[in-house]
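Structure record follows, encoded as structure tokens.
Every chain is numbered from 1, with letters handed out A, B, ... down the list of sequences.
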Amino acid sequence: MPELPEVETVRRSLSARLVGRRVVGCRARAVRLRSCVDPASWQPLLGTTLVRVERRGKFLLLVFGELSAVLHLGMSGRLLVVAPGAPLQPHTHLTLHFEGAELHFQDPRRFGRAEVWPTARLAEVPALAGLGPDALAEGVEEVLLAAAARTRAPIRSVLLDQRVVAGLGNIYATEALARAGIRPTRPAGGLAARRLRRLALAIRSVLEEAIAAGGTTLQDGGFQDAEGRAGFFAVELCVYGREGLPCRRCGSSVRRLALGGRSAYFCPRCQR
DNA sequence: AAGCCAACCTGGACGC
DNA sequence: TGCGTCCAGGTTGGCT
């Protein structure tokens, strides 16, 4: 579910609501997420204060001085800021009690992760160490040109590879390709530099617009920000999830095909 | 050795 | 109403 714009939306509300607050309690269920949640590892956070909230690709880092929480929402994760004592939603695996507010991490499908690491050793966290530059950082164009040049894999696979660029998922990779006029199936290595530069610009614009809209909440209502609100970027999607519907740019019927086990949507007229 | 694909989970939508 | 099937925003490890 959550890609860069959704995670950034959550980051901003966590930052506004929780930075400067002290941790006064915590409850972690020993549940198997992508990494096992170890209840004991969260206890040292008691008494510490949230200093800042960072985002790297789709990861959130809650920095409590010498310790940091590394969080990933997977497909179905949510971070909700609620009033103290608010009822637990099903599949709530972690609760951090701050003075005056609680942070609940819920994740029905359990593809997310939640770990505590020493802040000084964040560079050693395997999941973070392998990430390419953030999709909103400078230098995405160069990285994309270099990565495309060394593979014949479909361009969408390159965009989804977090080691190349961090933060894109299926929705925004799909939409960036639509804006750039490139079919998801195109072998990356065959694309002209001019088209890849256009793609880099499309990535930035689609992510910035999606953040401004508070992210994408599909019909199923999956994504919510930390206040429980939906994002409204779905109305601006050109092709994602729109098989058989008119492309929002030219009106042609959007096509869907399976690519690497996941749906790829494209406009047969705009994208070549 | 790059690249494909099943597996990890639950829940919601849809068809019969 | 109820059951079976398919699909989902992500990542990883194993196989070819």
Side-chain angles (χ1 to χ4, degrees), chain A residues 1-10 29 31-37 55-60 70-79 89-93 105-115 125-132 135 146-178 184-190 206-207 210-211 213-225 230-237 239-244 256-265:
Chain A
M1 169 193 358
E3 306 179 31
L4 188 152
E6 290 75 34
V7 177
E8 176 62 18
T9 298
V10 171
R29 284 174 54 198
V31 69
R32 178 158 193 85
L33 301 181
R34 183 153 286 287
S35 59
C36 270
V37 167
R55 182 188 56 73
R56 296 193 197 168
K58 301 172 195 171
F59 284 85
L60 279 174
V70 177
L71 305 175
H72 192 293
L73 300 177
M75 292 275 268
S76 57
R78 281 180 187 165
L79 286 165
Q89 303 279 81
H91 307 292
T92 297
H93 308 308
F105 176 50
Q106 57 176 116
D107 183 10
R109 291 180 69 181
R110 292 195 256 139
F111 290 166
R113 29 167 101 207
E115 298 161 14
V125 179
L128 298 176
L131 293 179
R150 59 175 186 255
T151 179
R152 291 288 296 170
I155 183 65
R156 196 197 58 176
S157 303
V158 175
L159 295 184
L160 291 180
D161 187 342
Q162 303 297 299
R163 295 169 301 183
V164 176
V165 170
L168 295 173
N170 204 14
I171 293 181
Y172 299 106
T174 295
E175 290 296 305
L177 288 166
T185 47
R186 275 262 165 208
V206 74
L207 293 177
I211 291 170
T216 300
T217 300
L218 271 2
Q219 314 75 282
D220 65 10
F223 171 67
Q224 292 181 4
D225 71 8
F232 49 92
F233 191 69
V235 295
E236 295 179 53
L237 296 175
V239 296
Y240 185 87
R242 295 179 55 77
E243 181 183 20
R256 177 174 79 98
L257 49 82
L259 178 62
R262 313 184 66 185
S263 289
Y265 301 89

Separation of [N] [atom2] from [X] [atom1] (nearest whole Å):
{"X": "A/L79", "N": "C/dG9", "atom1": "CG", "atom2": "C1'", "answer": "15 Å"}
{"X": "A/R34", "N": "B/dA7", "atom1": "CZ", "atom2": "P", "answer": "14 Å"}
{"X": "A/L160", "N": "C/dA8", "atom1": "CG", "atom2": "P", "answer": "13 Å"}
{"X": "A/R163", "N": "C/dG13", "atom1": "CZ", "atom2": "C1'", "answer": "12 Å"}
{"X": "A/D161", "N": "C/dT12", "atom1": "CG", "atom2": "C1'", "answer": "12 Å"}
{"X": "A/L257", "N": "C/dC7", "atom1": "CG", "atom2": "C1'", "answer": "16 Å"}
{"X": "A/I155", "N": "B/dG3", "atom1": "CD1", "atom2": "C1'", "answer": "15 Å"}
{"X": "A/F223", "N": "B/dG12", "atom1": "CZ", "atom2": "C1'", "answer": "19 Å"}

message: Under the criterion of centre distance below 5.5 Å and interplanar angle below 30°, is A/F111 classified as stacked on the base of B/dC8?
response: yes

When you compare [N] with [M], how far apart are their [atom1] atoms, in angstrom units rounded to a whole number?
{"N": "B/dG3", "M": "C/dG9", "atom1": "C1'", "answer": "23 Å"}
{"N": "C/dT11", "M": "B/dA1", "atom1": "P", "answer": "25 Å"}
{"N": "B/dC9", "M": "C/dC3", "atom1": "P", "answer": "24 Å"}

If the cut-off is 4.0 Å, is [X] near the phosphate of [N], judged by side-chain N/O to OP1 or OP2?
{"X": "A/R262", "N": "C/dG10", "value": "yes"}
{"X": "A/H91", "N": "B/dC9", "value": "no"}
{"X": "A/H72", "N": "C/dG10", "value": "no"}
{"X": "A/Q162", "N": "C/dG10", "value": "no"}
{"X": "A/R110", "N": "B/dA7", "value": "no"}
{"X": "A/R32", "N": "B/dC8", "value": "no"}
{"X": "A/K58", "N": "C/dT11", "value": "yes"}
{"X": "A/S76", "N": "B/dG11", "value": "no"}
{"X": "A/R109", "N": "C/dG9", "value": "no"}

message: Which nucleotide wins on minimum distance to the side chain of A/T151, given the candidates C/dG10, C/dT12, B/dA2?
response: B/dA2

So [X], base contact, sugar-phosphate only, or nothing? Heavy-atom distance under 4.0 Å.
{"X": "A/L218", "answer": "base"}
{"X": "A/Y172", "answer": "nothing"}
{"X": "A/R113", "answer": "sugar-phosphate"}
{"X": "A/G261", "answer": "nothing"}
{"X": "A/E6", "answer": "nothing"}

Taking the side chain from [X] and the backbone from [Y], do they hold a donor-acceptor pair closer than 3.5 Å?
{"X": "A/R78", "Y": "A/G222", "result": "yes"}
{"X": "A/Q162", "Y": "A/G167", "result": "yes"}
{"X": "A/E6", "Y": "A/E3", "result": "yes"}
{"X": "A/E175", "Y": "A/Y240", "result": "yes"}

A/D107 and A/V31: CA distance, side-chain angles, deciding distance, side-chain contact (heavy atoms from CB on, under 4.5 Å) verdict: CA-CA 11 Å; A/D107 183 10; A/V31 69; over 6 Å; no

task: Identify the nucleotide, in any strand shown, that forms a Watson-Crick or G-U wobble pair with C/dG9, with both distances under 3.5 Å; if there is none, say none.
output: none

- request: Provide the Watson-Crick or G-U wobble partner of C/dC15, both distances under 3.5 Å; none if there is no partner.
  value: B/dG3

- prompt: Which atoms form the tightest heavy-atom contact between A/V7 and A/P2, and what is the distance?
  reply: CG2-CB, 4.0 Å

query: Any luck finding a side-chain donor-acceptor pair between A/R256 and A/S263 under 3.5 Å?
result: yes

